[in-house]
Amino acid sequence: MYSRAVEQAFEHPAHAGKLSGACGAAGSRETGTRVEFSMQVASGRISRMCFQAYGCPHTIAACELAVESLLGHPPEALGCWDPGGAAERLKIPVEKTGKLLLIQDALRNCLQDWDTTELDVTE
Amino acid sequence: MYSRAVEQAFEHPAHAGKLSGACGAAGSRETGTRVEFSMQVASGRISRMCFQAYGCPHTIAACELAVESLLGHPPEALGCWDPGGAAERLKIPVEKTGKLLLIQDALRNCLQDWDTTELDVTE
Amino acid sequence: MIYLDYAATTPVDERVAEVMSRCLVSPELFANSASSHAPGRRVNQAIESAREQVAGMINAAARELIWTSGATESDNLAIIGAARFRSNRGRHLVTSVTEHKAVLDSCHALEKEGFDVSFLHPDEFGVLAPEDVSAAITEATTVVSIMHVNNETGVIQDIRAIGEICRSRDVLFHVDAAQSFGRLPIDVRADHIDMLSLSAHKTYGPKGAGALFLDARRIGRVAPLLHGGGHERGLRPGTLPTHQVLGMSKALEIAQRNLAGEPPRIAALRDHLWQRISTIPAVQLNGHEARRSCHILNVSVAGVEGESLLYGMRDFALSSGSACISDAAEPSYVLKSLGRSDQLAQGSVRFSLGRFTTRAEVDQAADAFAATVARLRDLSPYGLPDGMD
Amino acid sequence: MIYLDYAATTPVDERVAEVMSRCLVSPELFANSASSHAPGRRVNQAIESAREQVAGMINAAARELIWTSGATESDNLAIIGAARFRSNRGRHLVTSVTEHKAVLDSCHALEKEGFDVSFLHPDEFGVLAPEDVSAAITEATTVVSIMHVNNETGVIQDIRAIGEICRSRDVLFHVDAAQSFGRLPIDVRADHIDMLSLSAHKTYGPKGAGALFLDARRIGRVAPLLHGGGHERGLRPGTLPTHQVLGMSKALEIAQRNLAGEPPRIAALRDHLWQRISTIPAVQLNGHEARRSCHILNVSVAGVEGESLLYGMRDFALSSGSACISDAAEPSYVLKSLGRSDQLAQGSVRFSLGRFTTRAEVDQAADAFAATVARLRDLSPYGLPDGMD
Ligand SMILES: Cc1ncc(COP(=O)(O)O)c(C=O)c1O
Ligand SMILES: Cc1ncc(COP(=O)(O)O)c(C=O)c1O
């Protein structure tokens with residue numbers, strides 16, 4: 001039901017929290033899932049990134065994994081985050097695909113927010 | 001279901017058989033029960049008596065018991081045989097009462113047969 | 001007491017009892033299989049693997065098998081459930097007069113709802129002609145229900161031939177296999193069976209456990225008889241009894257594994273018994289000499305009253321008719337359908353043999369039977385009948 | 001793994017397992033209780049004395065009790081059976097929206113047959129007002145079905161008051177007592193209960209075993225759902241599962257004997273658990289504070305997603321709704337009927353305690369629950385909610 005990778009990420013989310021900086025969210029409590037990402041960029045690369053999530057274990061784990069995979073990459077990587085790859089790594093069941101698309105939305109919103117502010121902390 | 005007394009009489013019917021002499025029968029194979037009694041009278045008393053039966057264990061036991069109780073009595077006793085007493089002694093269930101009434105009929109027929117022939121072997 | 005009533009029920013095989021006893025006290029297997037927590041999922045897995053195993057034995061897929069409380073419930077669910085669900089296609093069923101009461105009474109219940117049922121008559125040996133089934137099927141027929149092995153006579157019906165006819169006429173074919181599983185091979189595909197009823201306690205498994213096979217390609221749904229909770233694809237609600245399911249699958253597994261060895265051994269004992277009993281004058285075999293399951297020998301004795309015959313044999317657990325209706329002292333409807341008179345039907349005995357029957361037991365039964373018949377004929381005013389009445 | 005899901009099912013008590021295991025291998029107890037030979041009669045006697053025993057526990061007579069495969073079947077047989085049998089007197093039933101699916105789906109099945117059903121709403125604490133039952137009864141009402149103890153919240157209905165109303169209006173009163181037997185006293189006479197459903201596996205007995213009480217003075221018959229063979233006064237056919245019946249009666253006997261001691265002990269544990277959990281901010285009790293069975297504590301937690309809450313508690317076997325429908329991830333209809341939002345209903349946990357629950361286990365559960373809630377709220381963008389949403 002829940003893979004070892006989900007359990008790991010659920011139990012020890014290293015990147016939970018909220019940063020001042022660019023942020024993007026998607027979902028709502030009423031629909032059962034809300035995810036928010038926030039990040040800071042230094043020298044054109046994501047230097048710090050956090051998430052908050054109200055949602056199922058798969059959602060929490062996927063958020064954690066997304067942050068881990070994006071850190072150190074250029075912010076544009078947020079637009080290319082691959083839900084399918086996450087689903088595979090975490091062994092997320094198909095009926096949960098909607099949650100991954102929510103995360104994709106939130107990441108894109110975060111990128112958009114960064115695009116409008118372009119706040120690079122090295123500058 | 002079957003009392004010890006029924007078992008005894010069913011297993012060891014001491015008076016099975018057919019005698020020349022007065023006889024009386026009742027019932028038929030088609031109705032599931034047929035009983036036949038035959039007896040000899042000496043000095044005004046039943047000296048020998050036998051039965052044959054096609055029927056359930058209760059019927060066989062009741063026939064045996066009837067013969068035992070009648071031996072040594074005057075033939076008129078056949079007319080007074082008491083089905084209730086037999087039912088009680090053998091612990092025969094009420095739904096089997098019909099079988100006892102058949103036996104009563106056969107005994108009465110036997111008495112009638114004797115009445116018409118009046119064959120007393122001492123004479 | 002010598003038990004020769006295996007067609008009524010069988011003792012639970014030790015290996016089955018052990019599986020069940022362990023399940024009953026297992027801290028790993030007591031949860032509710034419908035619970036989503038880990039213990040529940042573990043139980044669910046055990047039940048599902050039992051389902052796969054049992055389904056495999058009849059060449060079915062796991063999702064085609066539903067657990068029930070026994071063959072009675074399976075028969076009801078198959079016949080009533082399928083007939084009601086297809087009632088807009090037609091309201092006619094075909095069965096035979098020698099079916100088990102669970103089938104006959106299900107049909108009678110449907111008659112009260114306005115269905116028509118054709119009750120076919122097997123021949124004097126208890127064998128149903130497949131052509132008769134074919135002739136009985138009409139445009140309105142939706143379900144044909146014919147048992148594999150008769151519980152009183154052991155007669156085997158030609159279910160493959162009947163299955164072929166049903167398939168070609170696009171009618172659902174239900175088979176009550178309560179008596180045949182573990183005694184004859186069953187392949188729902190090769191036999192064209194759409195619905196099959198199984199019972200655990202006829203093959204050394206627990207009472208109160210059964211299954212119903214429903215061909216997934218032919219039957220989307222049947223109308224459930226019980227409601228609530230959505231278990232078993234919505235067809236049979238109620239918390240699944242894990243120990244019963246595991247016990248049933250173990251029992252069926254053993255029976256299936258023994259299919260090559262056990263039935264021939266039992267058939268040899270049964271033949272030996274018949275050989276000995278057939279020397280008694282005016283004794284008659286009920287059912288077909290050859291088309292008969294290994295475990296049943298049913299004989300009628302002329303000139304001997306049935307109750308006394310059984311009572312004379314009271315050191316043996318025997319049946320004079322179907323155990324399921326033996327409370328009623330009416331002569332067996334199955335034997336009457338073979339043309340036996342009330343008296344002959346009454347004066348009949350079903351010996352049914354099984355896994356634990358020995359040759360010595362069979363010999364004792366034959367001795368006792370011969371002695372009892374002789375003694376009762378001696379007692380009878382009719383004596384030894386000239387012929388069979 | 002700590003098991004706190006006793007309302008879903010209970011482990012089989014060792015003494016019960018022993019009775020059943022012995023029965024399964026007993027050469028004295030394997031025959032078919034419908035067989036008229038001595039072994040059959042012996043089994044029948046064992047079953048009948050179990051019947052007398054269980055009937056006695058609810059102040060009923062043996063002939064008023066029918067063995068079934070569980071409370072699901074009992075509910076179906078009572079409601080559908082009685083409604084159909086009395087359909088010429090009227091075609092209206094009364095029940096409540098918080099009943100078990102076995103009751104609700106039986107009612108829905110009747111609706112499809114043209115019956116009308118009034119589904120009453122309990123108040124925000126889950127308690128049904130007897131006056132509402134009274135108001136719902138019409139000239140056409142034949143059956144009222146109200147459960148004794150709710151399986152999700154543990155709320156106890158005032159069945160005696162409802163029973164009085166039904167009796168005075170000459171309407172049959174059915175009570176699902178699957179959760180209450182062994183936890184609360186039940187007296188079918190004093191409570192004016194006409195039909196009562198029991199299940200063995202909720203009180204340390206085997207799964208797949210149940211009973212239905214039918215008041216002999218008030219109910220001649222119900223329409224059977226299964227047909228064939230005439231067992232159980234023609235109301236429930238199929239070979240009786242001796243080991244299940246004996247196991248059930250043993251389990252109920254133990255539960256009944258412990259009625260004075262066990263429920264208070266469990267209630268104290270449950271109160272301790274609630275005392276500890278209620279210190280967590282924005283946690284809410286589901287159901288009535290006082291009118292509640294000893295074994296259930298159902299709480300809603302604001303601001304915490306349900307699946308993650310349960311996953312965080314995965315070292316504990318817990319339920320988020322009725323086990324019987326937990327496969328479907330829909331928010332519990334029982335909690336929604338108390339006015340909980342989808343989110344709160346989802347973010348709810350049912351702790352259910354039993355015979356083998358210890359204070360240490362309860363403390364561990366409280367610790368883990370507090371930690372999980374805190375952690376998930378930390379993770380959540382909503383943080384700690386101001387109030388209950
Ligand atoms: C042919 C047949 N069908 C159905 C049944 C009923 O099976 P169960 O006792 O499992 O309900 C039996 C046995 O009683 C049987 O012999
Ligand atoms: C209140 C209630 N009624 C009925 C049932 C069904 O009982 P069984 O599993 O014995 O069919 C349950 C449990 O699942 C229950 O809690």
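Every chain is numbered from 1 and lettered A, B, ... according to where its sequence line falls, protein lines coming before strand lines.
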Give me the atom names and distance for the closest heavy-atom approach of A:Tyr54 to D:Ser380. CB-OG, 4.0 Å

Tell me which of these, A:Pro13, A:Pro57, A:Cys63, has more heavy-atom pairs under 4.5 Å with chain D than the rest. A:Pro57

Check: D:Gln346 side chain, A:Gly32 main-chain N or O, donor-acceptor pair, under 3.5 Å: no

Within a strict 4.5 Å, meaning less than it, do heavy atoms of the D:Tyr382 and A:Gln52 side chains meet? no

Enclosure of A:Glu88 CD (heavy-atom neighbours >12, cutoff 6.0 Å): no

With a 6.0 Å cut-off (strictly less than), is the heavy-atom count around CD of D:Glu14, excluding the residue itself, greater than 12? no

A:Gln112 atom CD, neighbour heavy-atom count above 12 within 6.0 Å: no

May I ask you to check whether over 12 heavy atoms, not counting those of A:Arg89, lie within 6.0 Å of atom CZ? no

Other residues, nucleotides and ligands only: do more than 12 of their heavy atoms fall within 6.0 Å of CZ on D:Phe119? yes

Specify the closest pair of heavy atoms between D:Pro381 and A:Arg34, including all atoms of both residues, with the distance to one decimal. CG-CG, 3.5 Å

Provide the closest heavy-atom pair for A:Cys56 versus D:Ser308 in the form atom of the first, atom of the second, distance. C-OG, 3.1 Å

Go through D:Leu376, D:Leu309, D:Val304 and name the one with the most non-hydrogen pairs under 4.5 angstrom from chain A. D:Val304

Quick one: are D:Glu307 and A:Tyr2 in side-chain contact, heavy atoms under 4.5 Å? yes

Residue part contacting chain A, namely of D:Arg314, when any heavy atom lies under 4.5 Å: side chain

